[in-house]
Amino acid sequence: MTAERFDPSVADGRWQAAWDEAKCFEADSASEKPKTYVLEMFPYPSGRIHIGHVRNYTMGDVLARYHAMRGREVLHPMGWDAFGMPAENAAMEKGVHPGGWTYDNIATMKGQLKQLGFALDWSREFATCDPEYYGHEQALFIDLFENGLVYRKQAEVNWDPVDMTVLANEQVIDGKGWRSGAEVEKRKLNQWFLKITDFADDLLDGLGTLDDWPQKVRLMQENWIGKSQGLEFSFDLSSGDKLPVYTTRPDTIFGASFVAVAADHPVAQAVAENDATAQEFIALCKRGGTTAAELETAEKLGFDTGITARHPFTGAELPLFIANFVLMDYGTGAIMAVPGHDQRDFEFATKYSLPIPRVVAPSVDEAGKPFDGEAEAGEGVLVNSDFLDGMDVEAAKAEVIARAEKGHWGKGTTVWRLRDWGVSRQRYWGTPIPFIHCDACGVVPVPKDQLPVKLPEDVSFEQPGNPLLRHPTWKNTECPKCGGTAQRETDTLDTFVNSSWYFLRFASQPADKPFDAAEVAQWLPVDQYIGGVEHAILHLLYARFWTRALAHCGKLEVKEPFASLFTQGMVTHETYSRKDGPREVYYTPAEVDRTGNGAVLTADGQPVEIGKVIKMSKSKKNVVDPEDIIRDYGADAVRWFMLSDSPPERDLPWSEAGIEGCGRFVQRLWRLFGQFDDTASGEDKDLARKTHQTIAAVAEDIEALAFNKAVARIYELTSAAEKAKPSADRNHAIRSLLLIASPMMPHLAEEGWSEMGGTGLVAEADWPEVDETLLVEDEITIAVQHKGKLRDTLTAPADASKDDLEALALASEKVQRSIDGAEIRKVIVVPGRLVNIVT
RNA sequence: GCGGGCGUGGCGGAAUGGUAGACGCCGGGGACUUAAAAUCCCCUGUCCUUUGAGACGUGCGGGUUCGAGUCCCGCCGCCCGCACCA
């Protein structure tokens with residue numbers, strides 16, 4: 001007889017060891033089986049696993065285990081995104097070495113992941129800070145360089161004065177460093193860049209093939225790449241200069257009533273040199289918020305320079321303003337303003353009493369229609385526009401561009417928002433950029449047989465700035481070309497480079513090169529990639545770019561690295577706090593007793609305020625440590641909770657009551673497994689039907705990542721099996737239940753399997769067969785409606801004809817009472833569903 | 001402001017245009033027990049002349065349909081993203 005209770009503190013470790021022993025989860029690239037690559041975004045080794053990791057990896061684990069049961073060779077690897085600033089911060093704060101700190105954290109977190117029993121192929125584990133990994137990365141970087149995708153330029157960059165490093169445009173948030181929060185300054189430095197813009201069109205087109213990506217992520221990337229087509233041309237200014245402008249609406253050129261430049265445009269700067277008022281205005285423009293919402297609602301302001309610009313068609317002299325709503329870093333930093341058909345221009349023209357001509361109207365007859373307080377940016381036909389009159393917007397755009405090109409005063413251009421990726425970081429804990437600066441030969445790549453360029457161990461973090469730069473000897477070397485004295489590059493690569501190809505290295509890890517293209521082709525693209533939506537733009541776009549860049553260099557066949565992407569929701573928890581004067585003091589869930597009506601602090605028995613359910617964060621102290629709950633409830637209860645209730649893309653509110661319920665269900669299943677009875681025989685048709693239906697439905701749910709629904713179905717079958725009398729069908733139900741729940745609760749499944757006398761490991765078992773004939777009910781419940789409302793339900797054979805169902809429905813006493821003798825005008829019969837009687 | 005998403009019991013959420021509220025949590029009642037824990041059973045959208053062939057009910061107002069949580073139009077509210085993209 002089995003033990004009364006399932007004891008995860010014993011069972012979890014036992015089965016984890018058994019899986020390791022049997023090497024259940026090691027992927028074989030040479031396998032004949034069809035292959036599936038399940039990948040979750042690898043973690044940064046910050047110290048401890050947090051609950052968001054647990055949710056992410058549990059979802060991936062269910063998929064990995066499920067596909068293995070379906071007979072596929074599964075690659076489900078894990079590693080560490082191990083370079084980055086926190087390690088240097090720890091080094092500065094605690095006086096430890098970033099490497100030691102990182103590897104200690106990896107050891108801790110690996111132990112925590114092991115406790116959760118994930119079906120991971122640990123044989124392929126690596127950290128991006130392993131010299132072996134970053135050495136291969138250096139080789140790839142040189143390949144990109146040799147293929148013209150890497151270059152250096154003296155460029156104005158975002159300088160973070162706290163972290164002493166350069167930030168990508170993408171890493172500047174509200175004018176502040178995305179990590180330090182410090183106000184970003186502009187500085188000129190010699191930087192390394194990757195030519196992501198070479199692939200702008202391809203990256204955009206590729207989005208169209210990613211049908212299994214969330215629409216939202218595709219849209220965000222599309223907007224980020226930001227393709228727009230229009231006309232670039234120059235105005236002749238009364239000052240004698242030429243002013244290039246860019247417009248996406250060349251069709252509206254006859255509606256231009258003024259011209260405007262950005263505050264930091266050279267024309268504005270020139271004006272300001274001799275004009276104190278202009279100077280003041282420019283200073284004013286630089287104040288205030290820079291977010292879209294702030295700018296969008298801010299009042300439009302302008303400064304009339306007194307200069308005029310000649311309209312290329314009409315010859316009219318348009319006033320030139322410096323305006324706060326024109327951006328220097330998009331297009332040419334100067335615009336032709338068409339107030340009738342652009343809302344910003346409209347507001348500006350209204351404020352400064354400038355003309356607002358109409359050049360697009362619903363029809364040619366409405367050329368004189370007044371504006372209704374706002375610009376009309378939509379479709380229509382051109383009016384008041386000379387040779388364009390009567391054309392639609394698209395035709396007019398083409399016509400204007402054609403004339404501009406013919407007259408050599410402008411040309412049609414495509415403008416991208418996407419800019420090249422600056423990858424230089426003035427930092428120690430990253431991949432050293434494998435180049436050498438020689439006075440005679442210039443910038444020379446390190447010969448590949450000298451890779452990796454390893455980071456020196458003996459560095460100090462007592463002063464800010466780059467330790468590589470002030471290291472006494474490391475940077476001194478000789479030129480590989482001429483043998484003369486030379487210096488190593490002291491910049492390291494952005495950590496996003498590390499995560500731009502790690503999924504290739506997981507698939508194939510030869511010692512002598514970054515990866516083997518043929519082996520990579522066995523696994524890529526990743527069948528299911530899972531991670532947080534916070535990586536929607538940067539990481540995912542860079543990874544797509546690297547894949548293309550490597551293909552461009554002839555290293556890869558794959559184009560899109562991730563066939564299907566899933567972005568999971570956050571784990572949330574309510575907050576507990578008290579007011580201490582103006583300050584809000586927060587308490588952790590562990591400090592609070594929530595068993596009563598409200599919440600009280602265990603320490604003093606006094607109530608605390610229950611706040612909103614929000615993302616777990618250290619500052620609000622609403623965090624739960626995975627290790628604590630694994631200890632209290634076991635890995636399977638924690639995994640089950642992660643999959644229950646909330647759809648995986650939505651936020652999951654953590655609750656003590658919820659995890660307790662999961663713990664109870666683990667025991668409930670365990671008791672049911674104990675009722676498996678070899679000696680029982682006989683049929684239970686209803687239960688057999690329910691079993692097969694559940695097996696099929698759970699498979700479908702898992703494949704759709706609808707884990708919450710799979711969970712609900714497992715509860716239902718459990719209840720049905722509990723209530724059933726012993727029979728051969730009930731044994732089959734119990735055994736099937738164990739198998740279909742095993743991807744979610746693998747330890748419990750193994751323990752139950754061994755108790756039931758199953759052979760081998762569940763981790764290596766097959767998904768149960770479905771008897772298709774049992775999926776169809778032979779009796780079904782039919783709803784009978786009268787006037788669209790439910791009046792009765794009745795049971796009928798599944799193959800009952802429409803006439804039979806109608807007769808059956810009309811025979812119902814309840815239905816007859818509802819009809820109450822009224823004339824029946826129509827009867828709608830949906831076989832297998834309902835009968836609706838219309839009177 | 002723009003773009004995207006969402007709105008269903010006390011809570012998390014189910015529902016190919018076809019019986020709204022599956023399943024879980026909370027809560028209530030009962031059984032077992034000397035007692036507790038554990039477990040099991042029942043109830044649990046609102047209202048009403050509280051068991052009845054009852055009415056109402058999926059943010060609000062319209063519409064399409066035999067039938068709308070689901071589709072269409074117009075609002076309101078919340079969440080996420082944002083780069084004034086000319």
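Lettering of chains follows the sequences in order, A, B, ..., and the numbering in each one begins at 1. Hydrogens, waters and symmetry mates play no part in the numbers below; they use all other heavy atoms, side chains included.
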Handout entry: Salt bridge flag under 4.0 Å for residues A/Arg817 and A/Glu813
Key = yes
Exercise for the section: Choose from B/rC66, B/rC40, B/rC41 the nucleotide whose nearest atom is closest to any side-chain atom of A/Lys826. Expected result: B/rC66
Handout entry: Listed nucleotide nearest any side-chain atom of A/Arg791, set B/rA55, B/rC80, B/rC40
Key = B/rA55
Exercise for the section: Measure from the side chain of A/Thr247, starting at C-beta and using heavy atoms only, and say which of B/rC23, B/rA86, B/rC25 lies closest. Expected result: B/rA86
Handout entry: Whether over 12 other heavy atoms sit under 6.0 Å from A/Lys227 NZ
Key = yes
Problem - Closest-nucleotide 5' rank along RNA chain B - winner of A/Leu652 and A/Ile837 - result: A/Leu652
Handout entry: Polar side-chain atom of A/Gln667 near backbone of A/Phe6 as donor-acceptor pair, under 3.5 Å
Key = yes
Problem - Test: A/Glu394 and A/Lys397 ion pair at under 4.0 Å - result: yes
Check: protein-nucleotides 13-21 of chain B nitrogen or oxygen pairs below 3.5 Å:
residue, atom, partner, partner atom, Å
B/rA14, OP1, A/Asn708, ND2, 3.3
B/rA15, OP1, A/Lys709, NZ, 2.7
B/rG18, N2, A/Gln785, OE1, 3.4
B/rG18, N2, A/Asn836, ND2, 3.4

Handout entry: Lys/Arg-Asp/Glu bridge criterion (N-O < 4.0 Å) met for A/Glu716, A/Lys690
Key = yes
Exercise for the section: For A/Tyr246, answer base if it contacts any base atom (sugar-phosphate contacts may also be present), sugar-phosphate if it contacts only those atoms, and nothing otherwise; contact means non-hydrogen atoms under 4.0 Å. Expected result: base
Problem - Syn or anti for B/rG28 (syn when the glycosidic angle lies within 90° of 0) - result: anti
Practice task
From the options B/rC66, B/rA86, B/rC56, select the nucleotide whose nearest atom is closest to the side chain of A/Val838.
Solution key: B/rC66
Handout entry: Spacing of the P atoms in B/rC79 and B/rG24 (rounded, Å)
Key = 32 Å
Problem - Same-atom distance (P) from B/rG18 to B/rC80, integer angstrom - result: 33 Å
Handout entry: Rounded distance (nearest 0.5 Å) linking atom CG of A/Leu737 with atom CG of A/Leu669
Key = 5.5 Å
Handout entry: Short N-O contact, A/Arg249 and A/Asp342, less than 4.0 angstrom
Key = no
Problem - Pairing string, 5' to 3', for RNA chain B - Watson-Crick or wobble contacts under 3.5 Å, brackets [ ] where pairs cross, | to another strand - result: (((((((..(((.....[....))).(((((.......))))).((((...).)))..(((((..]....))))))))))))....
Handout entry: Partner of A/Val784 under side-chain contact (heavy atoms from CB on, under 4.5 Å), chosen from A/Val815, A/Leu790, A/Leu834
Key = A/Val815
Practice task
Tell me what A/Leu219 touches on the nucleic acid: a base, only sugar-phosphate, or nothing, going by heavy atoms under 4.0 Å.
Solution key: sugar-phosphate
Exercise for the section: Remember a base hit wins even if backbone is also touched, and classify A/Arg825 as base, sugar-phosphate or nothing at under 4.0 Å, heavy atoms. Expected result: nothing
Problem - Ring centres under 6.0 angstrom apart (A/Tyr633, A/Phe641) - result: no
